There are 2 protein chains.
Amino acid sequence: MREFILFSRGVTKDFKLNDLPNAGRMDLVARCVSTAIFLSYSLRKDVKFHVILNGPPSPPLTITFFTNELKNVSPDERNIASHIKIAIRNFGIGKNSSEAGIYVEKKSFEEVVKDKVKEYGNENVFYLHADGEDIRNVEIKNNAVFILGDNKGIPKKEEAFLLRSGIKKISIGKIEYLSSQVIAIVNYEMDRRGL
Amino acid sequence: MREFILFSRGVTKDFKLNDLPNAGRMDLVARCVSTAIFLSYSLRKDVKFHVILNGPPSPPLTITFFTNELKNVSPDERNIASHIKIAIRNFGIGKNSSEAGIYVEKKSFEEVVKDKVKEYGNENVFYLHADGEDIRNVEIKNNAVFILGDNKGIPKKEEAFLLRSGIKKISIGKIEYLSSQVIAIVNYEMDRRGL
(Lines give C-alpha, C1' and ligand atoms only; values in the text may rest on other atoms or scores of the structure.)
Protein backbone atom coordinates (compact mmCIF):
# COMPACT_ATOMS: atom_id res chain seq x y z
CA MET A 1 0.00 0.00 0.00
CA ARG A 2 1.17 3.53 -0.79
CA GLU A 3 -0.47 6.15 1.42
CA PHE A 4 -0.50 9.93 1.46
CA ILE A 5 -1.50 12.18 4.35
CA LEU A 6 -2.24 15.82 3.52
CA PHE A 7 -2.57 18.45 6.23
CA SER A 8 -5.04 20.96 4.79
CA ARG A 9 -6.88 24.13 5.84
CA GLY A 10 -9.89 23.00 3.79
CA VAL A 11 -13.28 23.87 5.23
CA THR A 12 -15.36 21.35 7.17
CA LYS A 13 -18.67 22.64 5.87
CA ASP A 14 -20.46 22.78 2.55
CA PHE A 15 -18.66 24.83 -0.12
CA LYS A 16 -19.20 26.11 -3.65
CA LEU A 17 -17.81 24.02 -6.50
CA ASN A 18 -17.43 27.29 -8.44
CA ASP A 19 -15.05 28.75 -5.87
CA LEU A 20 -12.76 26.04 -4.53
CA PRO A 21 -9.83 28.36 -3.66
CA ASN A 22 -12.01 30.18 -1.11
CA ALA A 23 -13.00 26.94 0.60
CA GLY A 24 -9.62 26.71 2.33
CA ARG A 25 -7.89 25.87 -0.95
CA MET A 26 -10.11 22.94 -1.77
CA ASP A 27 -8.69 23.23 -5.32
CA LEU A 28 -5.32 22.24 -3.91
CA VAL A 29 -6.85 19.32 -2.02
CA ALA A 30 -8.68 18.06 -5.11
CA ARG A 31 -5.56 18.40 -7.24
CA CYS A 32 -3.56 16.40 -4.70
CA VAL A 33 -6.15 13.61 -4.58
CA SER A 34 -6.29 13.46 -8.37
CA THR A 35 -2.53 13.37 -8.77
CA ALA A 36 -2.14 10.68 -6.11
CA ILE A 37 -4.76 8.26 -7.35
CA PHE A 38 -4.90 8.59 -11.14
CA LEU A 39 -2.91 7.31 -14.05
CA SER A 40 -3.99 7.79 -17.64
CA TYR A 41 -7.42 6.09 -17.97
CA SER A 42 -7.02 4.18 -14.71
CA LEU A 43 -6.83 4.44 -10.98
CA ARG A 44 -3.64 3.31 -9.31
CA LYS A 45 -3.96 0.12 -7.29
CA ASP A 46 -3.36 0.04 -3.55
CA VAL A 47 -3.27 3.76 -2.87
CA LYS A 48 -4.92 5.47 0.09
CA PHE A 49 -5.11 9.25 0.23
CA HIS A 50 -6.03 10.88 3.54
CA VAL A 51 -6.78 14.57 3.77
CA ILE A 52 -7.27 16.15 7.16
CA LEU A 53 -9.46 19.22 6.78
CA ASN A 54 -8.57 21.74 9.48
CA GLY A 55 -10.72 24.63 8.32
CA PRO A 56 -13.90 26.05 9.92
CA PRO A 57 -16.38 25.39 11.36
CA SER A 58 -15.69 21.99 12.97
CA PRO A 59 -12.17 20.73 12.38
CA PRO A 60 -10.67 18.24 12.17
CA LEU A 61 -12.29 15.98 9.62
CA THR A 62 -10.40 13.25 7.81
CA ILE A 63 -11.51 12.07 4.38
CA THR A 64 -9.89 8.98 2.88
CA PHE A 65 -9.92 7.90 -0.77
CA PHE A 66 -9.06 4.22 -1.33
CA THR A 67 -8.39 3.43 -4.97
CA ASN A 68 -9.26 -0.27 -4.84
CA GLU A 69 -12.87 0.58 -4.03
CA LEU A 70 -13.40 3.94 -5.77
CA LYS A 71 -15.98 4.36 -8.51
CA ASN A 72 -17.15 7.24 -10.68
CA VAL A 73 -14.28 9.61 -10.01
CA SER A 74 -12.63 11.74 -12.70
CA PRO A 75 -9.30 13.55 -12.51
CA ASP A 76 -10.70 17.08 -12.82
CA GLU A 77 -10.67 19.22 -9.68
CA ARG A 78 -14.38 19.89 -9.77
CA ASN A 79 -15.24 16.19 -9.83
CA ILE A 80 -12.94 15.29 -6.93
CA ALA A 81 -14.19 18.30 -4.97
CA SER A 82 -17.79 17.19 -5.55
CA HIS A 83 -17.00 13.88 -3.83
CA ILE A 84 -15.43 15.75 -0.91
CA LYS A 85 -18.53 17.92 -0.72
CA ILE A 86 -20.74 14.82 -0.57
CA ALA A 87 -18.50 13.25 2.09
CA ILE A 88 -18.77 16.35 4.29
CA ARG A 89 -22.54 16.39 3.83
CA ASN A 90 -22.84 12.68 4.60
CA PHE A 91 -20.75 13.07 7.74
CA GLY A 92 -23.16 15.81 8.80
CA ILE A 93 -25.98 13.27 8.79
CA GLY A 94 -23.94 10.68 10.68
CA LYS A 95 -22.38 8.57 7.92
CA ASN A 96 -18.73 7.47 8.21
CA SER A 97 -18.74 5.83 4.84
CA SER A 98 -19.67 8.17 2.03
CA GLU A 99 -19.53 6.76 -1.52
CA ALA A 100 -17.65 3.60 -2.52
CA GLY A 101 -14.01 3.97 -1.49
CA ILE A 102 -14.54 7.25 0.35
CA TYR A 103 -14.47 7.38 4.15
CA VAL A 104 -14.97 10.28 6.50
CA GLU A 105 -14.11 10.41 10.19
CA LYS A 106 -13.72 12.85 13.07
CA LYS A 107 -9.99 12.23 13.29
CA SER A 108 -7.09 14.65 13.74
CA PHE A 109 -3.81 14.78 11.82
CA GLU A 110 -1.93 13.37 14.82
CA GLU A 111 -4.40 10.50 15.18
CA VAL A 112 -4.11 9.58 11.49
CA VAL A 113 -0.33 9.65 11.65
CA LYS A 114 -0.25 7.62 14.89
CA ASP A 115 -2.42 4.94 13.29
CA LYS A 116 -0.05 4.71 10.32
CA VAL A 117 3.04 4.54 12.55
CA LYS A 118 1.37 1.68 14.41
CA GLU A 119 0.40 -0.04 11.15
CA TYR A 120 3.69 0.30 9.23
CA GLY A 121 6.35 1.31 11.81
CA ASN A 122 7.81 4.82 11.89
CA GLU A 123 10.64 3.81 9.55
CA ASN A 124 8.06 3.53 6.75
CA VAL A 125 6.44 6.89 7.34
CA PHE A 126 8.07 9.94 5.70
CA TYR A 127 7.59 13.66 6.05
CA LEU A 128 8.18 15.53 2.79
CA HIS A 129 10.16 18.70 3.47
CA ALA A 130 12.72 20.73 1.51
CA ASP A 131 15.28 20.23 4.32
CA GLY A 132 15.02 16.44 4.39
CA GLU A 133 17.36 13.80 3.04
CA ASP A 134 17.30 13.43 -0.75
CA ILE A 135 14.59 10.91 -1.61
CA ARG A 136 16.93 9.22 -4.09
CA ASN A 137 19.23 8.21 -1.22
CA VAL A 138 16.50 6.93 1.08
CA GLU A 139 15.49 3.29 1.30
CA ILE A 140 11.74 3.05 0.91
CA LYS A 141 9.73 -0.15 1.00
CA ASN A 142 6.62 -1.15 -0.84
CA ASN A 143 4.40 -0.16 2.06
CA ALA A 144 5.11 3.49 2.68
CA VAL A 145 3.32 6.59 3.93
CA PHE A 146 4.12 10.13 2.76
CA ILE A 147 3.06 13.18 4.76
CA LEU A 148 2.83 16.68 3.34
CA GLY A 149 1.22 20.04 3.98
CA ASP A 150 -0.92 22.36 1.90
CA ASN A 151 0.28 25.76 0.62
CA LYS A 152 0.90 26.95 4.19
CA GLY A 153 2.73 23.78 5.20
CA ILE A 154 2.42 21.77 8.39
CA PRO A 155 2.06 23.89 11.56
CA LYS A 156 4.92 23.93 14.08
CA LYS A 157 3.05 21.91 16.70
CA GLU A 158 2.19 19.13 14.27
CA GLU A 159 5.69 19.22 12.82
CA ALA A 160 7.21 18.81 16.27
CA PHE A 161 4.95 15.82 16.79
CA LEU A 162 6.19 14.23 13.55
CA LEU A 163 9.83 14.62 14.52
CA ARG A 164 9.16 13.38 18.07
CA SER A 165 7.56 10.29 16.54
CA GLY A 166 10.83 9.45 14.79
CA ILE A 167 9.44 10.17 11.34
CA LYS A 168 12.15 10.89 8.80
CA LYS A 169 12.21 14.07 6.71
CA ILE A 170 12.82 13.40 3.05
CA SER A 171 13.19 15.88 0.24
CA ILE A 172 12.70 16.15 -3.49
CA GLY A 173 14.88 19.27 -3.62
CA LYS A 174 15.13 22.85 -2.42
CA ILE A 175 12.42 24.14 -4.73
CA GLU A 176 9.03 24.75 -3.11
CA TYR A 177 6.67 22.85 -5.40
CA LEU A 178 2.89 22.82 -5.36
CA SER A 179 1.66 20.01 -3.07
CA SER A 180 0.19 18.20 -6.08
CA GLN A 181 3.53 18.41 -7.90
CA VAL A 182 5.24 16.89 -4.85
CA ILE A 183 2.84 13.96 -5.02
CA ALA A 184 3.41 13.43 -8.75
CA ILE A 185 7.16 13.36 -8.13
CA VAL A 186 6.96 10.98 -5.16
CA ASN A 187 4.79 8.58 -7.15
CA TYR A 188 7.31 8.79 -10.00
CA GLU A 189 10.27 8.11 -7.73
CA MET A 190 8.46 5.07 -6.29
CA ASP A 191 7.41 3.90 -9.75
CA ARG A 192 10.99 4.07 -10.98
CA ARG A 193 12.00 1.73 -8.16
CA GLY A 194 9.29 -0.69 -9.25
CA LEU A 195 7.46 -0.26 -5.93
CA MET B 1 13.77 29.09 -21.81
CA ARG B 2 11.85 25.87 -21.06
CA GLU B 3 8.93 25.31 -23.40
CA PHE B 4 6.08 22.81 -23.54
CA ILE B 5 3.89 22.01 -26.53
CA LEU B 6 0.64 20.18 -25.83
CA PHE B 7 -1.41 18.61 -28.63
CA SER B 8 -4.99 18.83 -27.35
CA ARG B 9 -8.52 18.09 -28.58
CA GLY B 10 -9.78 21.13 -26.66
CA VAL B 11 -12.60 23.05 -28.31
CA THR B 12 -11.97 26.24 -30.29
CA LYS B 13 -15.21 27.91 -29.21
CA ASP B 14 -16.66 29.21 -25.98
CA PHE B 15 -17.15 26.57 -23.27
CA LYS B 16 -18.63 26.22 -19.80
CA LEU B 17 -16.29 26.62 -16.84
CA ASN B 18 -18.58 24.23 -14.95
CA ASP B 19 -17.98 21.42 -17.43
CA LEU B 20 -14.37 21.48 -18.57
CA PRO B 21 -14.13 17.72 -19.34
CA ASN B 22 -16.81 18.08 -22.05
CA ALA B 23 -14.95 20.93 -23.74
CA GLY B 24 -12.45 18.52 -25.28
CA ARG B 25 -10.86 17.86 -21.89
CA MET B 26 -10.16 21.48 -21.13
CA ASP B 27 -9.63 20.31 -17.51
CA LEU B 28 -6.59 18.41 -18.72
CA VAL B 29 -5.31 21.45 -20.62
CA ALA B 30 -5.74 23.71 -17.59
CA ARG B 31 -4.03 21.20 -15.31
CA CYS B 32 -1.08 20.98 -17.71
CA VAL B 33 -0.71 24.75 -17.89
CA SER B 34 -0.89 25.06 -14.10
CA THR B 35 1.66 22.30 -13.51
CA ALA B 36 4.05 23.73 -16.09
CA ILE B 37 4.08 27.33 -14.92
CA PHE B 38 3.53 27.30 -11.15
CA LEU B 39 5.65 26.74 -8.11
CA SER B 40 4.39 27.32 -4.59
CA TYR B 41 3.39 31.02 -4.41
CA SER B 42 5.24 31.91 -7.59
CA LEU B 43 5.37 31.50 -11.31
CA ARG B 44 8.42 29.82 -12.79
CA LYS B 45 10.69 32.13 -14.76
CA ASP B 46 11.34 31.64 -18.47
CA VAL B 47 8.64 29.09 -19.22
CA LYS B 48 6.43 29.10 -22.29
CA PHE B 49 3.49 26.75 -22.54
CA HIS B 50 1.83 26.29 -25.93
CA VAL B 51 -1.42 24.39 -26.29
CA ILE B 52 -2.75 23.63 -29.73
CA LEU B 53 -6.51 23.25 -29.55
CA ASN B 54 -7.67 20.85 -32.26
CA GLY B 55 -11.32 20.57 -31.29
CA PRO B 56 -14.39 21.97 -33.07
CA PRO B 57 -15.46 24.24 -34.62
CA SER B 58 -12.38 25.93 -36.11
CA PRO B 59 -9.14 24.13 -35.33
CA PRO B 60 -6.29 24.67 -34.96
CA LEU B 61 -5.82 27.46 -32.45
CA THR B 62 -2.61 27.89 -30.47
CA ILE B 63 -2.64 29.58 -27.09
CA THR B 64 0.67 30.45 -25.42
CA PHE B 65 1.28 31.28 -21.76
CA PHE B 66 4.56 33.09 -21.08
CA THR B 67 5.41 33.19 -17.37
CA ASN B 68 7.61 36.30 -17.46
CA GLU B 69 4.62 38.43 -18.46
CA LEU B 70 1.67 36.64 -16.85
CA LYS B 71 -0.49 38.34 -14.26
CA ASN B 72 -3.53 37.36 -12.22
CA VAL B 73 -3.37 33.62 -12.79
CA SER B 74 -4.00 31.05 -10.07
CA PRO B 75 -3.15 27.35 -10.14
CA ASP B 76 -6.74 26.06 -9.98
CA GLU B 77 -8.16 24.55 -13.16
CA ARG B 78 -11.12 26.90 -13.29
CA ASN B 79 -8.91 29.98 -13.18
CA ILE B 80 -6.58 28.79 -15.93
CA ALA B 81 -9.56 27.68 -18.02
CA SER B 82 -11.14 31.12 -17.62
CA HIS B 83 -8.05 32.69 -19.23
CA ILE B 84 -8.26 30.20 -22.10
CA LYS B 85 -11.93 31.08 -22.50
CA ILE B 86 -11.05 34.77 -22.70
CA ALA B 87 -8.25 34.08 -25.20
CA ILE B 88 -10.64 32.18 -27.47
CA ARG B 89 -13.19 34.97 -27.22
CA ASN B 90 -10.56 37.65 -27.92
CA PHE B 91 -9.32 35.73 -30.95
CA GLY B 92 -12.91 35.71 -32.19
CA ILE B 93 -12.86 39.49 -32.27
CA GLY B 94 -9.49 39.64 -33.99
CA LYS B 95 -7.01 39.95 -31.11
CA ASN B 96 -3.76 37.94 -31.18
CA SER B 97 -2.71 39.11 -27.78
CA SER B 98 -5.23 38.31 -25.07
CA GLU B 99 -4.27 39.24 -21.50
CA ALA B 100 -0.71 39.95 -20.32
CA GLY B 101 1.47 36.95 -21.15
CA ILE B 102 -1.25 35.13 -23.10
CA TYR B 103 -1.10 34.91 -26.90
CA VAL B 104 -3.48 33.29 -29.34
CA GLU B 105 -2.80 32.49 -32.99
CA LYS B 106 -4.22 30.51 -35.90
CA LYS B 107 -1.30 28.12 -35.91
CA SER B 108 -1.17 24.33 -36.26
CA PHE B 109 0.81 21.84 -34.18
CA GLU B 110 3.25 21.31 -37.03
CA GLU B 111 3.78 25.06 -37.45
CA VAL B 112 4.48 25.54 -33.74
CA VAL B 113 6.94 22.64 -33.72
CA LYS B 114 8.68 23.85 -36.89
CA ASP B 115 9.16 27.28 -35.34
CA LYS B 116 10.75 25.75 -32.26
CA VAL B 117 13.03 23.49 -34.31
CA LYS B 118 14.17 26.59 -36.18
CA GLU B 119 14.64 28.54 -32.95
CA TYR B 120 16.47 25.90 -30.87
CA GLY B 121 17.59 23.19 -33.32
CA ASN B 122 15.96 19.75 -33.40
CA GLU B 123 18.47 18.37 -30.90
CA ASN B 124 16.83 20.54 -28.22
CA VAL B 125 13.26 19.52 -28.98
CA PHE B 126 11.97 16.32 -27.34
CA TYR B 127 8.88 14.20 -27.78
CA LEU B 128 7.71 12.59 -24.56
CA HIS B 129 6.71 9.00 -25.20
CA ALA B 130 6.77 5.78 -23.17
CA ASP B 131 8.99 4.14 -25.82
CA GLY B 132 11.65 6.84 -25.83
CA GLU B 133 15.10 6.87 -24.27
CA ASP B 134 15.16 7.24 -20.49
CA ILE B 135 15.19 10.98 -19.71
CA ARG B 136 17.87 10.40 -17.07
CA ASN B 137 20.29 9.27 -19.79
CA VAL B 138 19.57 12.11 -22.21
CA GLU B 139 21.63 15.27 -22.39
CA ILE B 140 19.32 18.24 -22.18
CA LYS B 141 20.38 21.86 -22.30
CA ASN B 142 18.97 24.90 -20.60
CA ASN B 143 16.90 25.83 -23.65
CA ALA B 144 14.66 22.86 -24.30
CA VAL B 145 11.24 22.13 -25.73
CA PHE B 146 9.05 19.21 -24.61
CA ILE B 147 6.18 17.94 -26.73
CA LEU B 148 3.34 15.82 -25.41
CA GLY B 149 -0.20 14.79 -26.20
CA ASP B 150 -3.45 14.90 -24.29
CA ASN B 151 -5.28 11.79 -23.03
CA LYS B 152 -5.57 10.45 -26.58
CA GLY B 153 -1.93 11.16 -27.42
CA ILE B 154 -0.47 12.64 -30.58
CA PRO B 155 -2.13 11.41 -33.82
CA LYS B 156 -0.12 9.19 -36.18
CA LYS B 157 0.26 11.88 -38.85
CA GLU B 158 1.66 14.43 -36.41
CA GLU B 159 3.83 11.78 -34.78
CA ALA B 160 5.32 10.83 -38.14
CA PHE B 161 6.07 14.49 -38.70
CA LEU B 162 7.93 14.69 -35.37
CA LEU B 163 10.09 11.69 -36.17
CA ARG B 164 10.77 12.94 -39.71
CA SER B 165 11.93 16.21 -38.18
CA GLY B 166 14.63 14.35 -36.25
CA ILE B 167 13.00 15.01 -32.89
CA LYS B 168 14.12 12.56 -30.24
CA LYS B 169 11.66 10.46 -28.22
CA ILE B 170 12.40 10.54 -24.51
CA SER B 171 10.64 8.66 -21.76
CA ILE B 172 9.92 8.94 -18.05
CA GLY B 173 9.04 5.25 -17.87
CA LYS B 174 6.59 2.67 -19.13
CA ILE B 175 3.69 3.89 -16.99
CA GLU B 176 1.07 5.97 -18.80
CA TYR B 177 0.80 9.06 -16.61
CA LEU B 178 -1.66 11.90 -16.85
CA SER B 179 -0.26 14.63 -19.14
CA SER B 180 -0.03 17.00 -16.16
CA GLN B 181 1.93 14.41 -14.18
CA VAL B 182 4.36 14.06 -17.11
CA ILE B 183 4.95 17.81 -17.00
CA ALA B 184 5.53 17.82 -13.23
CA ILE B 185 8.08 15.05 -13.65
CA VAL B 186 9.90 16.70 -16.58
CA ASN B 187 10.15 19.96 -14.64
CA TYR B 188 11.50 18.02 -11.67
CA GLU B 189 14.10 16.19 -13.76
CA MET B 190 15.25 19.52 -15.23
CA ASP B 191 15.26 21.19 -11.79
CA ARG B 192 17.44 18.42 -10.38
CA ARG B 193 19.99 19.15 -13.08
CA GLY B 194 19.95 22.79 -12.10
CA LEU B 195 18.59 23.82 -15.51
Side-chain angles (χ1 to χ4, degrees), chain A residues 16-23 25-32 34-44 74-82 130 134-136 148-153 171-194, chain B residues 16-23 25-32 34-44 74-82 130 134-136 148-153 171-194:
Chain A
K16 288 183 188 155
L17 291 177
N18 289 352
D19 192 8
L20 301 179
N22 279 316
R25 294 301 306 277
M26 205 61 88
D27 63 308
L28 178 156
V29 175
R31 209 155 48 239
C32 285
S34 174
T35 309
I37 69 176
F38 272 101
L39 290 171
S40 186
Y41 289 107
S42 65
L43 287 165
R44 283 181 179 270
S74 310
D76 58 299
E77 289 172 15
R78 189 182 174 92
N79 180 278
I80 303 283
S82 74
D134 185 349
I135 191 169
R136 291 198 185 166
L148 74 167
D150 66 5
N151 56 313
K152 292 182 179 161
S171 169
I172 55 169
K174 291 296 177 195
I175 290 176
E176 298 268 353
Y177 291 101
L178 297 181
S179 305
S180 51
Q181 292 166 341
V182 172
I183 291 171
I185 293 163
V186 168
N187 266 336
Y188 167 66
E189 287 284 354
M190 295 303 98
D191 293 341
R192 287 206 65 125
R193 298 182 190 193
Chain B
K16 289 183 187 154
L17 292 177
N18 289 352
D19 192 8
L20 301 179
N22 279 317
R25 293 303 306 279
M26 205 60 87
D27 63 310
L28 179 156
V29 175
R31 210 155 48 239
C32 284
S34 174
T35 308
I37 68 176
F38 272 101
L39 290 172
S40 187
Y41 289 108
S42 66
L43 286 165
R44 283 181 180 270
S74 311
D76 59 297
E77 288 172 14
R78 188 182 176 92
N79 180 278
I80 302 285
S82 75
D134 185 349
I135 191 169
R136 292 198 185 166
L148 74 167
D150 65 6
N151 56 312
K152 291 182 180 162
S171 168
I172 55 169
K174 291 295 177 197
I175 289 176
E176 298 267 353
Y177 292 100
L178 297 181
S179 305
S180 52
Q181 293 166 341
V182 172
I183 290 170
I185 293 163
V186 168
N187 267 336
Y188 166 68
E189 287 284 355
M190 294 304 98
D191 293 342
R192 288 207 62 128
R193 298 182 190 194

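Chain A is the first sequence line, chain B the second, and so forth, proteins listed ahead of strands; every chain is numbered from 1. Given the structure is predicted, the values throughout are model-derived calculations rather than measurements. Scope of the values below: all heavy atoms of this structure, side chains included, with no hydrogens, waters or symmetry mates.
- Here the straight-line distance linking atom CG of A:Leu39 with atom CD of B:Gln181 works out to 6.0 Å at 0.5 Å rounding.
- Here the CZ atom belonging to A:Arg78 is positioned 11.0 Å from the CD atom belonging to B:Glu77, to the nearest 0.5 angstrom.
- Nearest approach of B:Tyr188 to A:Ile172, heavy atoms of both residues: CE1-O, 3.4 Å.
- Between the side chains of A:Tyr177 and B:Asn187, not a single donor N or O lies within less than 3.5 Å of an accepting N or O.
- In terms of non-hydrogen atom pairs under 4.5 Å with chain B, the most contact-rich of A:Leu28, A:Asp27, A:Leu20 is A:Asp27.
- The greatest number of non-hydrogen atom pairs below 4.5 Å with chain B, out of A:Ser179, A:Ala184, A:Ser40, A:Gly173, is found for A:Ser40.
- The line from CZ of A:Arg31 to OG of B:Ser180 is 10.0 Å long, rounded to the nearest 0.5 Å.
- Contact tally against chain B (heavy-atom pairs below 4.5 Å) for A:Ser34, A:Ser42, A:Pro21: the top residue is A:Pro21.
- In this structure, no portion of B:Asp150 lies under 4.5 Å from any heavy atom of chain A.
- Most heavy-atom pairs under 4.5 Å with chain A: of the set B:Asp19, B:Leu178, B:Leu17, this distinction falls to B:Leu178.
- How far CE of A:Met26 is from CG of B:Asp76: 13.5 Å, rounded to the nearest 0.5 Å.
- Taken to the nearest 0.5 Å, the CD1 atom of A:Ile175 stands 10.5 Å off from the CZ atom of B:Arg192.
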